[in-house]
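Right, one structure below, let's go through it.
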Amino acid sequence: MPSTGKTLTPEQEALSQARKLKKLEAQSAPVKAKKSIELYKRNWVETEQSTTPSVPVLTFRLMTWNEVDRLEVLLPELHAAGYSHIYASGRNKKHGCMVLYRESQFKKIHEETIYYDEETARLDTSGTSQPIGNSFRTKNIGLIVALQSVHSNLGLVVATTHLFWHPRYTYERARQVSILLRNVYRFRNELNQPDWPSYIAGDFNLPPNDAVYTLLAGKPLSELQKQSIMKSSVVHASVDPSVSSSGAPADDEEGGEDPDRVITNARSAVPEDGLLTCLELPKIYEPFVPVRSAYEVGLRGSIQSSQSVFGKRLEGMDIRDLGYFEPMFTSYTYYWQATLDYIFIADPPNFETRVTKVLEPIATEVLEGGLPRSGICASDHVSLIADLALVPSD
């Protein structure tokens, strides 16, 4: 059958041939390498504990970094690198918490998710119904995982969490941490592994001079910290729908218009709400503290000095003060700059965790452009990493 296509003019034919030639040249040309991104290098800081003579029974590296979503992108890469994962999120929440571990080093024994909104503030020992005692329905969780070494019967309990973000809700974070602590200890006891250490890491959304940090260290609360707890002992409309949603602050002294910095849509708590008091909170924490911060221990006892520590940016803080040696910043954006992330250590009676190295905090002059930023950090939070060694207690 004769062709029904149009006959090309000599000019059109020449143009068509030129296009084909250009396409062939492009296909045969060498592929240009993508421009590499120069990555900011963080050095390791060795500690005094790296030189102790005790022979460790278990050594490992622990990292925490906020925050997890886009699993369809992350997991294939992580699995290909030899990691297994456990993921959990709050009810109807788009992002969550994840524990990753190298399959060549550990195997999972058990896992459990703690939903803070569904846990009572006090342990139910009387058999009677206990109030939840929360000030805000936050959908935050804690994730607890037991990992056993593939080379021995030794293991560890790892917990990660992302606490409520609002800076004024000190009470709710204190409640959430107390719930996580008691469940970590219960979890370990139910495993019948009293010699396994526990590590609690994540975004705690609180600075080192916060009441919760002091409670974790087993130290007395200051008057200022007590006031912060009492002012945030409220009941939000998410807990009590009858509360007005007018937007008015629950505490007139808070003032201001920014709902991210004042407590709104809440009422003052009454005894029937079951919130913990400033007298109760230390007693609730007492069976589980003190816990130690890997960075506070590591940088306080470092062989190399670090200038990028929290105490150097807080006026009036003394080198002996609790939390002085936490990183200067773990989150840095245009809107806020704060120390919010931690690695906490809860040792069993017969073993002690030595912090032998930590990854140095990022210098402020590097962070000043804000995060996330290509070549510096892919999140608005920086990662914290510690090399840990488990040794028999002296």
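Just so you know, these numbers use all the heavy atoms, side chains as well, and skip hydrogens, waters and symmetry mates. These figures come from a predicted structure and were not determined experimentally.
Between F310 and F329, the gap from one ring centroid to the other reaches at least 6.0 Å. Taking the ring centroids of Y342 and Y199, they lie at or beyond the 6.0 Å cut-off.
Here the CG atom belonging to L279 is positioned 7.0 Å from the NZ atom belonging to K226, to the nearest 0.5 angstrom. The distance from the OG atom of S293 to the CG atom of L299 is 8.5 Å, given to the nearest 0.5 Å.
The nearest pair of heavy atoms linking A266 to V234 is CB-CG2, 4.0 Å. Pairing each heavy atom of T356 with each of S50, the nearest pair is O-CB, 3.5 Å. Closest heavy-atom contact between S383 and M63: CB-CE, 3.6 Å.
Here the side chain of N205 pairs a donor or acceptor atom with the backbone of L163 at under 3.5 angstrom.
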I'd like to know whether H110 forms a ring pair (Phe, Tyr, Trp, His ring centres under 6.0 Å) with F187, so could you lay out the CA-CA distance, the side-chain angles of the two residues, the decisive distance to 0.1 Å, and finally the verdict. CA-CA 9 Å; H110 192 48; F187 180 91; 5.4 Å; yes

Between S84 and E103, does the side chain to side chain donor-acceptor pair (under 3.5 Å) criterion hold? Intermediate values first, please. CA-CA 6 Å; S84 283; E103 295 175 333; 2.5 Å; yes

If you apply the rule side chain to side chain donor-acceptor pair (under 3.5 Å), what do you find for E368 with Y332, and how did you get there? CA-CA 8 Å; E368 282 176 347; Y332 203 107; 4.9 Å; no

So T364 and Q307, side chain to side chain donor-acceptor pair (under 3.5 Å) or not? Walk me through it. CA-CA 10 Å; T364 305; Q307 299 299 314; over 6 Å; no

Between T214 and Q225, is a side chain to side chain donor-acceptor pair (under 3.5 Å) present by the stated rule, with each step listed? CA-CA 9 Å; T214 299; Q225 290 171 338; 2.9 Å; yes

Using the rule given for salt bridge (Lys or Arg N to Asp or Glu O under 4.0 Å), can you reason through R175 versus E119, listing the C-alpha separation, both sets of side-chain angles and the distance that settles it, and then say yes or no? CA-CA 10 Å; R175 172 188 167 273; E119 293 273 332; over 6 Å; no

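Partner of Y116 under the side chain to side chain donor-acceptor pair (under 3.5 Å) criterion, out of T138, N134, T161: T161 alone. The only member of T64, T333, D341 that meets side chain to side chain donor-acceptor pair (under 3.5 Å) when paired with H381 is D341. The only option from L71, V99, L100 that meets the side-chain contact (heavy atoms from CB on, under 4.5 Å) definition with Y87 turns out to be L71. A side-chain contact (heavy atoms from CB on, under 4.5 Å) with W196 holds for exactly one of N153, L58, I109; it is I109.
Between E286 and K283 no salt bridge is recorded (no basic side-chain N to carboxylate O distance below 4.0 Å).
Taking the six-membered ring where tryptophan is involved, the planes of F288 and Y185 are tilted, since the angle between them lies from 30° to 60°. Below 30°, between 30° and 60°, or above 60°: for Y169 and H166 the angle between ring planes is above 60°, a perpendicular geometry.
For the pair S232/I263, a side-chain contact is recorded, criterion being any heavy-atom separation below 4.5 Å from C-beta on. The shortest side-chain heavy-atom distance between E172 and H236 does not fall under the 4.5 Å cut-off.
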